[in-house]
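Structure first, then comments.
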Amino acid sequence: MRIKHRFTTSYCQDTGKLHKTLACNYEECVDCSDHSCPNVSRSQECPPNCKKRCKNQLSRIRMNTIPFVIAETRDKGKSLFAKTHISKETRLLYYAGEIISKAESLERLTKYEAEGVEHNYLFECGQFVCDPTKYGNAGKYANNSCDPNLETEQWKIHGTHKDYRAIFFTAVRDIPKGDELTIKYDFECDPSIERKCLCGETICTGSLNKLPLEPNKRSNKRSSSGASEKKKAKRL
Ligand SMILES: C[S@@+](CC[C@H](N)C(=O)[O-])C[C@H]1O[C@@H](n2cnc3c(N)ncnc32)[C@H](O)[C@@H]1O
């Protein structure tokens, strides 16, 4: 998997707005792999000059072996499949593509539609949008499921725009070899446009769009400002 991360001119013209993380020097933190690290607990990457054993170097770490392959499905185009057993909590992928403004993403959506591009790859990344349609990595082939085995997390990345959030795919359960790797899209778009979900799960909602919650299923839980809260990413 080669990561091609392109930043267009709309991105980060003002270097004063870069996100700079401080190195973690908390005594309780051993290797920045859990919430004893203040950066991990704020969902932000440590800087390159953090402690020697720092494991919170998300955008810089490369996997030795890629545990998935890209293959055709029967009715949903291409998808990702586990090449080996994947353990719960394995961070699999950094969603890479051109980083563009939200305004430009709307223009591109119209353009792609006119060009007959069959699939939508745009992903909201904080105040920006990641567009891997032409330049990106394997992340673009993750299909939707109503019972996904990957979750999407948003992280602040050292040295990128302060309002940009990188999207990572992480296994939410053990995934057997051969299983399709899926995320939940919750497309935020015109609800009058029907996007039929073909995930085949028994709990399938039938739609790729974000559906309004039924009143009795609404959670009373408030989003705390708790730093350890994982932030879900959004599809466009
Ligand atoms: C990010 S792409 C995924 C890769 C895509 N299958 C391909 O071949 O390039 C998203 C698109 O895949 C299709 N797709 C993904 N999951 C689907 C599902 N559960 N049911 C129907 N179509 C799906 C839709 O066309 C959607 O716009």
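Ligands are counted one by one from 1 in listed order, and the atoms in each one are counted from 1 as well. Since we're looking at a predicted model, the values are computed, not measured.
Of all atoms in ligand 1, numbered sequentially from 1 with element shown, those under 4.0 Å from a heavy atom of Cys197 are 19 (N), 20 (N). Taking every heavy atom of Gly77 and a limit of under 4.0 angstrom, the matching atoms of ligand 1 come to 6 (N), 8 (O). The Asn143 neighbourhood of ligand 1 comprises atoms 3 (C), 4 (C), 5 (C), 6 (N), 12 (O), 14 (N), 15 (C), 16 (N), with distances under 4.0 Å to a heavy atom of that residue. Listed by number with element, the atoms of ligand 1 under 4.0 angstrom from any heavy atom of Tyr185 are 1 (C), 2 (S), 3 (C), 10 (C), 15 (C), 16 (N).
Using the six-membered ring where Trp is involved, Phe169 and Phe123 have ring planes that are tilted, between 30° and 60° apart.
Contacts of Lys140 with ligand 1, taken as heavy-atom pairs under 4.0 Å, involve the backbone alone. Proximity of Leu208 to ligand 1, defined as any heavy-atom pair under 4.0 Å, is confined to the side chain (atoms from C-beta onward). Using a 4.0 Å cut-off between heavy atoms, Ala142 contacts ligand 1 through its backbone alone, with no side-chain atom that close.
In summary, Glu107 and Lys111 do not engage in a salt bridge, as defined by a charged side-chain N under 4.0 Å from a carboxylate O. Salt bridge Arg108/Glu98: present, at least one basic N to carboxylate O contact under 4.0 Å.
Remark: Lys156 pairs with no residue by the salt bridge (Lys or Arg N to Asp or Glu O under 4.0 Å) rule, at least two apart or across chains. Partners of Asp31 by salt bridge (Lys or Arg N to Asp or Glu O under 4.0 Å), not counting sequence neighbours, listed by chain and number: Lys55.
Checked by distance only, ligand 1 and Tyr141 stay at 3.5 Å or farther apart across all their nitrogen or oxygen atoms. Residue Ser145 has no N or O atom closer than 3.5 Å to an N or O atom of ligand 1.
At least one side-chain heavy atom of Glu153 sits under 4.5 Å from a side-chain heavy atom of Arg91.
Distances from ligand 1 to the non-hydrogen atoms of Lys196 include at least one value under 4.0 Å.
With Lys78 contributing its side chain and Ile70 its backbone, the two residues share no donor-acceptor pair below 3.5 Å.
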